[in-house]
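Accompanying notes for the structure given below.
Side-chain atoms are counted along with the backbone in the values below, which use heavy atoms only and exclude waters and symmetry mates. So you know, we letter chains A, B, ... as the sequences are listed, proteins then strands, and number each from 1.
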Amino acid sequence: MGNKQTVFTHEQLEAYQDCTFFTRKEIMRLFYRYQDLAPQLVPLDYTSCPDVKVPYELIGSMPELKDNPFRQRIAQVFSEDGDGHMTLDNFLDMFSVMSEMAPRDLKAYYAFKIYDFNNDGYICAWDLEQTVTKLTRGELSAEEVSLVCEKVLDEADGDHDGRLSLEDFQNMILRAPDFLSTFHIRI
Amino acid sequence: MLSDDQVNEIIIEVENVPSGVVPEKTLLNSSLGMVSRISDIDVTDSQSFSCPHDKKSKPLLQFSTSLNESFSQTLHGPGSVGIDTPCTSHENIQGQKLIASLIPMTSRDRIKAIRSQPRTMEEKRNLKKMVDKEKSKQSRRMLELNCCAQCLNSISRVYRRSKTSLSELLNSVSLWQKTLKVIGGKFGTSVLSYFNFLKWILKFNIFSFIVTFSFIIIPQFTVAEKNTLQFTGLEFFTGAGYFGNTVMYYGFYTNSTIRHRNGGASYNMQLAYLFTIGACLIVCFFSLLFSMARYFRNNFINPHIYSRGIAKLIFCWDFTVTHETAVKLKQKNLSTEIRENLSEILQENVKLTLNQQLIRFSAHLAAWVVSTGVAVACCVAVYYLAENNSEFLKNHRDPGAVLLLPFLVSCINLAVPRLYSMFRLVERYEMPRHEVYTLLIRNIFLKISIIGILCYYWLNVVAQAGEECWETLIGQEIYRLLLMDFVFSLADSFLGEFLRRLIGMQFMTSLGLQEFDIARNVLELIYAQTLVWIGTFFCPLLPFIQMITLFIMFYVKNISLMMNFQPPSKAWRASQMMTFFIFLLFFPSFTGVLCTLAITIWRLKPSADCGPFRGLPFFIHSIYGWIDTLSKRPSYLWVVWIYRNLIGSVHFFFILTLIVEGKDKMFLIEKLTKLQDAEKRANTSSFTLERRDVEQPGPLHVGEHDAACDLRFRRSVQEETPKA
């Protein structure tokens with residue numbers, strides 16, 4: 001125990017603790033997980049705030065993410081430039097939002113961004129088709145997929161513009177209490 | 001103290017700033033306004049990045065520096081330099097308002113608000129830095145005014161730090177983290193909820209054990225008499241014999257005031273006994289209450305607008321599943337479920353003929369009559385056996401004969417729920433969740449009536465039969481019941497489930513592996529915990545025994561799960577079910593325990609020769625006597641006052657509950673109104689949809705058939721929702 005770690009300054013660690021849902025110990029554990037992904041790339045001393053990005057291929061190979069159908073989208077949403085390559089800040093942010101302490105609104109916001117494949121701020125029919133395809137892995141035929149997308153839009157589209165806004169998504173999530181426990185990655 | 005949503009809403013209300021760059025959306029719901037606004041900010045951020053400097057590195061620093069500049073400008077002087085571009089002015093005003101709203105919050109709420117911001121880490125850090133700087137400036141100004149506030153501030157800071165270090169410590173000794181992660185990875189959130197429930201109940205028992213051990217058992221050890229009975233191995237099963245003269249049972253405890261040195265501190269065993277048990281129960285009560293409130297808050301859902309639709313299936317993918325085969329299986333199951341959902345919509349509005357309705361109704365009625373009849377028959381059998389047991393035991397000196405009653409009860413608990421599951425073959429339900437609830441209600445009724453009839457027997461017959469040390473007898477009965485239950489669970493896991501796997505894999509491969517029956521297992525946990533709560537008064541070592549039992553059960557269930565089960569094929573709605581189970585644990589389980597113990601303490605006569613309350617007319621007289629002695633001492637009159645005016649009055653508890661739940665209730669009322677608004681909007685939208693659909697005979701890319709099913713689907717959504 002004790003504050004003998006030399007990776008972060010005290011202020012950095014305190015800032016991380018206040019900006020994420022993790023305790024100091026968890027932040028250190030997460031740092032070592034991040035460092036393990038690319039030991040050559042990630043320095044063991046972050047006091048000088050190095051600008052290091054772990055490429056997406058390594059992030060996507062983490063056991064918590066490697067079989068997730070949405071791993072690419074998750075990495076893209078949380079990465080700085082939207083390309084999936086993540087800095088330590090992005091990494092901590094991602095797992096903080098996906099932890100069980102994050103509130104529902106925050107999770108819903110990021111879930112919306114994850115399902116918005118074309119990043120236009122709305123979940124349109126094309127986004128839905130992508131989502132359904134990733135979820136069912138080619139088990140459904142093309143007509144079934146488009147039928148599903150239509151039904152989803154029927155159910156959730158409150159303002160009838162043919163696409164889901166963040167507000168529609170939030171309303172729908174309110175009716176699905178399981179969302180909070182399923183949108184959760186344990187690390 | 002602000003709740004989470006209130007904190008979020010404070011930030012939102014401040015942010016209703018007209019944007020010069022991004023077109024504004026009118027927002028009906030202010031809580032959503034935050035996140036929409038933030039996405040607006042992100043858009044303006046990216047615009048400002050491409051704007052003047054076009055630097056790739058540290059674009060967020062620009063945001064923060066512009067925030068900083070504008071903020072310091074507005075603070076330090078009027079007539080400051082005008083903001084250069086319209087996009088930065090927008091984000092500056094937003095940022096200023098955000099910071100201004102964060103400053104007056106307490107540090108706890110501020111941290112909560114910062115954490116819940118959907119911004120990148122860099123932005124949150126800069127936000128925090130700026131707020132801290134502003135706060136320190138303000139507090140420097142306040143230093144002359146209020147030294148006391150400074151003290152309070154530093155105290156609260158110290159308290160917060162100690163709380164975080166305590167929670168870190170607790171998390172480091174957190175049990176079974178890796179195992180739970182593996183279970184979640186292979187089986188998903190729903191099965192994981194059973195194991196989390198087990199872990200939570202284990203915490204109750206650990207706490208009860210620590211409290212009873214420190215305050216009753218250890219003092220009793222210091223004045224323990226020698227145990228003259230012989231120890232044979234059978235005591236582990238019967239709980240009688242050698243164990244009857246140990247700290248395990250009520251009868252062993254002394255009624256004296258323990259004094260070790262002349263004039264040293266005295267320890268009143270009677271009061272200690274009552275207060276310890278009372279403290280355990282009170283802590284369990286509040287813990288249950290808070291858990292219920294928290295679960296209810298997170299999972300509050302107006303049952304009428306519960307959507308059976310497909311959107312939930314699509315957007316609630318279980319991210320905890322990480323195992324490759326589990327993910328593939330889940331994807332396959334999801335496809336099947338989606339197909340079923342699509343076809344259900346075709347079938348569901350098929351109107352049943354009167355004949356078919358009558359048949360269904362009579363099937364339900366028959367099933368209910370049979371299930372109630374079976375439950376009542378079991379209770380009668382249990383009571384009859386219990387009554388005749390005492391004579392039977394007097395005639396047969398075989399010590400193992402006392403196990404007959406627990407054996408019967410465990411057999412009932414094993415066989416009858418499976419009988420109830422078989423009713424599924426006869427009854428047909430419109431919705432699968434009605435089936436789940438009906439099964440649950442029947443099982444709950446069975447278990448509650450068995451416990452009820454046993455309590456009735458113990459309190460009315462055993463306690464008043466004039467036996468010596470009836471409390472110890474009851475304690476031994478409860479111990480035997482728990483032990484037999486444990487043995488049956490082990491046998492079920494090792495033999496029953498293993499056999500089922502063999503049958504499913506080798507002999508009748510069409511059956512396949514079974515799925516983990518979460519409801520039945522959770523009910524068994526609740527049943528055992530109810531017995532433990534009742535039995536702690538008569539057998540103070542019972543929480544320790546239950547602790548060991550639960551520990552072993554975790555590993556046994558885990559191993560059996562990995563070997564003999566497959567992941568669930570259908571969505572289980574874990575969070576709603578958990579809310580329901582915790583509610584069940586509170587009422588009727590815990591309240592039943594409180595009633596039983598209240599009857600014991602207020603109405604029953606303690607046995608004359610054993611236990612801490614020997615010789616008293618009622619258990620409660622020890623408290624009366626203590627209050628009487630205290631009222632003679634002037635320095636303790638405040639205790640007497642508390643007793644007479646607060647604890648004595650029932651209103652106190654209601655007020656306490658109201659205060660404790662007050663802020664949660666306000667939140668619930670707000671949420672309810674929000675949901676009803678959303679409901680009304682959905683209603684009107686479905687109305688317009690139907691009208692639109694009637695005008696156009698069919699959408700373009702699907703056939704007539706699907707258009708008809710669209711209509712029916714919308715009508716069904718409406719039928720479900722109008723009652724809100």
Contact leader toward chain A among B/K330, B/E324, B/R115, where contacts are heavy-atom pairs under 4.5 Å:
B/R115
Could you tell me the separation between the CD atom of A/E150 and the CD1 atom of B/I310, rounded to the nearest 0.5 Å?
11.0 Å
Using a 4.5 angstrom heavy-atom cutoff, name the option from A/K66, A/Q17, A/M101 with the most pairs to chain B.
A/Q17
Shortest non-hydrogen contact from B/K128 toward A/C19
CD-SG, 4.3 Å
Contact part of B/I111 toward chain A, heavy-atom cut-off under 4.5 Å: side chain, backbone, both or neither?
both
So which of A/F112, A/F179, A/F70, A/Y115 actually passes ring-ring contact (aromatic ring centres under 6.0 Å, His included) with B/F315?
A/Y115
State, to 0.1 Å, how close A/S181 and B/T320 come at their nearest heavy-atom pair, and which atoms those are.
O-CG2, 4.3 Å
Sort A/L164 into side chain, backbone, both or neither according to what part of it lies under 4.5 angstrom from a heavy atom of chain B.
side chain
Non-hydrogen side-chain atoms of B/L342 and A/K151 separated by less than 4.5 Å:
yes
Which bit of B/K124 is near chain A, if near means a heavy-atom gap under 4.5 Å: side chain, backbone, both or neither?
both
Does B/R125 make a cation-pi contact with A/Y16, if we ask for NZ or CZ under 6.0 Å from the ring centre and within 45° of the axis?
yes
If we define contacts as heavy-atom pairs under 4.5 Å, which of A/P69, A/S96, A/A102 has the most with chain B?
A/P69
Measuring heavy-atom distances to chain B, does A/L153 have an atom under 4.5 Å in its side chain, in its backbone, in both, or in neither?
neither
Given that the side chain runs from C-beta out, which part of A/V132 has a heavy atom under 4.5 Å from chain B: side chain, backbone, both or neither?
side chain
Validation row: B/I314, A/L135 side chains within 4.5 angstrom (heavy atoms):
yes
Is the shortest heavy-atom distance from the side chain of A/H184 to the side chain of B/T189 under 4.5 Å?
no
Please answer whether the main-chain N or O of B/A311 pairs with a side-chain N or O of A/E155 as donor and acceptor at a distance below 3.5 Å.
yes
Between B/K129, B/H323, B/R110, B/K328, which shows the greatest number of heavy-atom pairs under 4.5 Å with chain A?
B/K328
Nearest-0.5 Å distance that lies between atom CE in B/M577 and atom CG in A/D178
10.0 Å
Heavy-atom pairs under 4.5 Å with chain B are the metric here; pick the option from A/F169, A/F183, A/F21 that has the most.
A/F21
Based on non-hydrogen pairs under 4.5 Å, which of A/I173, A/L180, A/T20 is most in contact with chain B?
A/T20
Which residue, A/L88, A/D89, A/T87, forms the side chain to side chain contact (heavy atoms under 4.5 Å, CB included) with B/M121?
A/D89
Decide yes or no for A/E144 and B/R339: does some side-chain heavy atom of the first lie under 4.5 Å from some side-chain heavy atom of the second?
yes
Contact class of A/L92 relative to chain B, heavy atoms under 4.5 angstrom
both
Do A/E64 and B/K181 meet the salt-bridge criterion of a basic N to acidic O distance under 4.0 Å?
yes
I need the A/E14 CD to B/D132 CG distance, nearest 0.5 Å.
9.0 Å
Could you check A/E139 against B/I338 for side-chain contact (heavy atoms from CB on, under 4.5 Å), going step by step and ending with a plain yes or no?
CA-CA 11 Å; A/E139 294 261 350; B/I338 290 176; over 6 Å; no
Grab the two heavy atoms, one from A/D67 and one from B/T322, that are nearest each other, plus how far apart they are.
OD2-O, 3.3 Å
Under a 4.5 Å heavy-atom cut-off, does chain B meet the side chain of A/D18, its backbone, both or neither?
both
After noting the C-alpha distance and the side-chain angles of B/W317 and A/T131, does the key distance pass the side-chain contact (heavy atoms from CB on, under 4.5 Å) rule?
CA-CA 10 Å; B/W317 170 262; A/T131 309; over 6 Å; no
Closest non-hydrogen atom pair between A/T136 and B/S335, with its separation
CB-OG, 3.5 Å
